Protein chains: 2
Amino acid sequence: MTDSMMTIGEMCESYGVTPRTLRFYEAKELIFPIREGQKRLFIKSDRARLKLILQGKRFGFSLEEIRQLLNLYSLGDQQTTQLTKTYELGLERLRDMETQREELTEAIADLRDRLQWGETVLADRGVKLAAE
Amino acid sequence: MTDSMMTIGEMCESYGVTPRTLRFYEAKELIFPIREGQKRLFIKSDRARLKLILQGKRFGFSLEEIRQLLNLYSLGDQQTTQLTKTYELGLERLRDMETQREELTEAIADLRDRLQWGETVLADRGVKLAAE
DNA sequence: CCTCCACCTTACGTTAACGTCAACCAAAGG
DNA sequence: CCTTTGGTTGACGTTAACGTAAGGTGGAGG
């Protein structure tokens with residue numbers, strides 16, 4: 001109704017996933033769409049979470065790890081103990097991601113060198129590459 | 001013999017993997033250890049490849065994608081056509097990795113904010129965090 | 001000679017993350 | 001009223017990336 005509500009189909013269209021995927025994520029408690037009768041309805045926060053899920057997957061996190069991280073994004077009225085654990089978990093993840101970024105930076109530089117080399121080899125063999 | 005040769009056990013020790021993993025990678029044609037009778041022997045280039053494999057996995061690449069990438073790291077006397085394809089594949093991966101790096105940078109900043117916020121909340125509740 | 005150890009192959013088991021299929025409901029349109 | 005459209009819940013299938021268990025080999029040491 002209000003355009004803040006989306007059906008499962010619209011969600012799939014928007015984010016390039018299948019219904020099965022969204023239902024699966026719900027079953028794994030990564031998202032919590034509300035129900036109108038039988039049907040699922042997704043609101044803004046669901047979309048925010050989904051974005052984070054898809055991003056997390058690109059970084060190589062498992063769905064379970066992502067589920068933990070998502071709690072960081074909906075911190076509210078939890079017990080202090082739980083909150084502290086979540087915080088520390090977040091710190092760990094942050095270190096992970098920073099490490100990963102450094103490695104990625106190196107790997108990119110490396111790959112770039114290889115490609116440069118490949119270019120010259122191909123040039124030597126008289127191959128014209130699509131200029132870009 | 002020469003310390004440039006390593007047994008499967010030594011490899012596992014060095015890189016924190018299981019024998020099964022190395023045999024699996026060989027079966028998938030990601031590494032090509034030489035044989036002394038039955039036994040596998042790993043030389044320097046095998047170790048270089050293994051490093052790249054493990055790194056690639058951290059970036060979320062599948063073994064099959066990694067296998068493609070590895071060809072870039074052993075370009076030699078292949079046909080020019082194949083070489084060109086490999087080169088273009090490498091370019092694609094490079095774009096992927098650069099994109100991933102940007103996203104990762106954003107995600108890190110984001111997570112950092114959350115943690116900062118979490119810190120203040122915990123501080124308000126009188127929780128002392130391990131200073132670092 | 002026997003045993004242990006490190007390695008081997010073959011083959012079936014496992015987990016994550018969905019895909020696919022069957023059978024069902026409910027609102028909307030012709 | 002019937003059919004289409006878009007959703008639902010099981011339940012079983014699939015792929016990647018290994019784990020694991022069973023049984024076999026070859027050399028070193030007691």
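Being a predicted model, the structure only gives us computed values, none of them experimental. Quick note on labels: first sequence line is chain A, next is B, and so on, each numbered from 1.
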Legend entry - Between A/Thr18 and A/Thr21: side-chain donor-acceptor atoms closer than 3.5 Å: yes
Legend entry - Distance in angstrom units between B/Arg67 CZ and D/dA16 P, rounded: 12 Å
Inset, instruction - Find the distance between CG (B/Leu63) and CD (B/Glu29) and round it off to the nearest 0.5 Å. - result: 13.0 Å
Inset, instruction - Answer yes when B/Arg93 and B/Asp96 have at least one side-chain N-carboxylate O distance shorter than 4.0 Å, and no when they do not. - result: yes
Legend entry - Contact check, side chains of A/Ile31 and A/Ile53, non-hydrogen atoms, under 4.5 Å: yes
Legend entry - Exam field: side chain B/Glu103 to backbone B/Gln100, donor-acceptor pair closer than 3.5 Å: no
Legend entry - B/Glu65 CD to D/dA16 C1', straight-line distance once rounded to whole Å: 12 Å
Inset, instruction - Would you mind reading off the distance between A/Ile34 atom CD1 and D/dT8 atom P, rounded to a whole angstrom? - result: 13 Å
Using distance only, find each side-chain donor-acceptor pair of residues 35-43 of chain B under 3.5 Å and give its atom names and separation, not counting sequence neighbours.
residue	atom	partner	partner atom	Å
B/Arg35	NH1	B/Gln38	O	2.9
B/Arg35	NH2	B/Glu26	OE2	3.3
B/Arg40	NE	B/Glu26	OE1	2.4
B/Arg40	NH2	B/Glu26	OE1	3.1

Which atoms of nucleotides 17-21 of chain C (N or O only) lie under 3.5 Å from a protein N or O atom, and what are those distances?
residue	atom	partner	partner atom	Å
C/dA17	OP1	A/Leu63	N	3.0
C/dC18	OP1	A/Lys57	NZ	3.1
C/dC18	OP2	A/Tyr25	OH	2.7
C/dC18	OP2	A/Lys57	NZ	2.8
C/dC18	N4	A/Arg20	NH2	3.3
C/dG19	OP2	A/Thr18	OG1	2.6
C/dG19	OP2	A/Thr21	OG1	3.4
C/dG19	N7	A/Arg20	NE	3.0
C/dG19	O6	A/Arg20	NH2	3.2

Inset, instruction - Examine distances only and state if a side-chain atom of B/Glu10 and a backbone atom of B/Thr7 form a donor-acceptor pair shorter than 3.5 Å. - result: yes
Inset, instruction - Could you tell me whether A/Lys28 and A/Glu64 have a side-chain N and a carboxylate O separated by less than 4.0 Å? - result: no
Look for any protein N or O under 3.5 Å of an N or O in nucleotides 7-9 of chain C and output each such pair with its distance, or none.
residue	atom	partner	partner atom	Å
C/dC7	OP1	B/Thr7	OG1	2.9
C/dC7	OP1	B/Gly9	N	3.3
C/dC8	OP1	B/Arg40	N	2.9
C/dC8	OP1	B/Arg40	NH1	2.9
C/dC8	OP2	B/Arg23	NE	3.2
C/dC8	OP2	B/Arg23	NH2	2.9
C/dC8	O5'	B/Arg40	NH1	3.3
C/dT9	OP1	B/Arg35	NH1	3.2
C/dT9	OP1	B/Arg35	NH2	3.4
C/dT9	OP2	B/Arg40	NH1	3.0
C/dT9	OP2	B/Arg40	NH2	2.7

Legend entry - Spacing between A/Ile66 atom CD1 and C/dA16 atom P, to the nearest angstrom: 14 Å
Legend entry - Whole-Å gap separating C1' (D/dG6) and CE (A/Met11): 16 Å
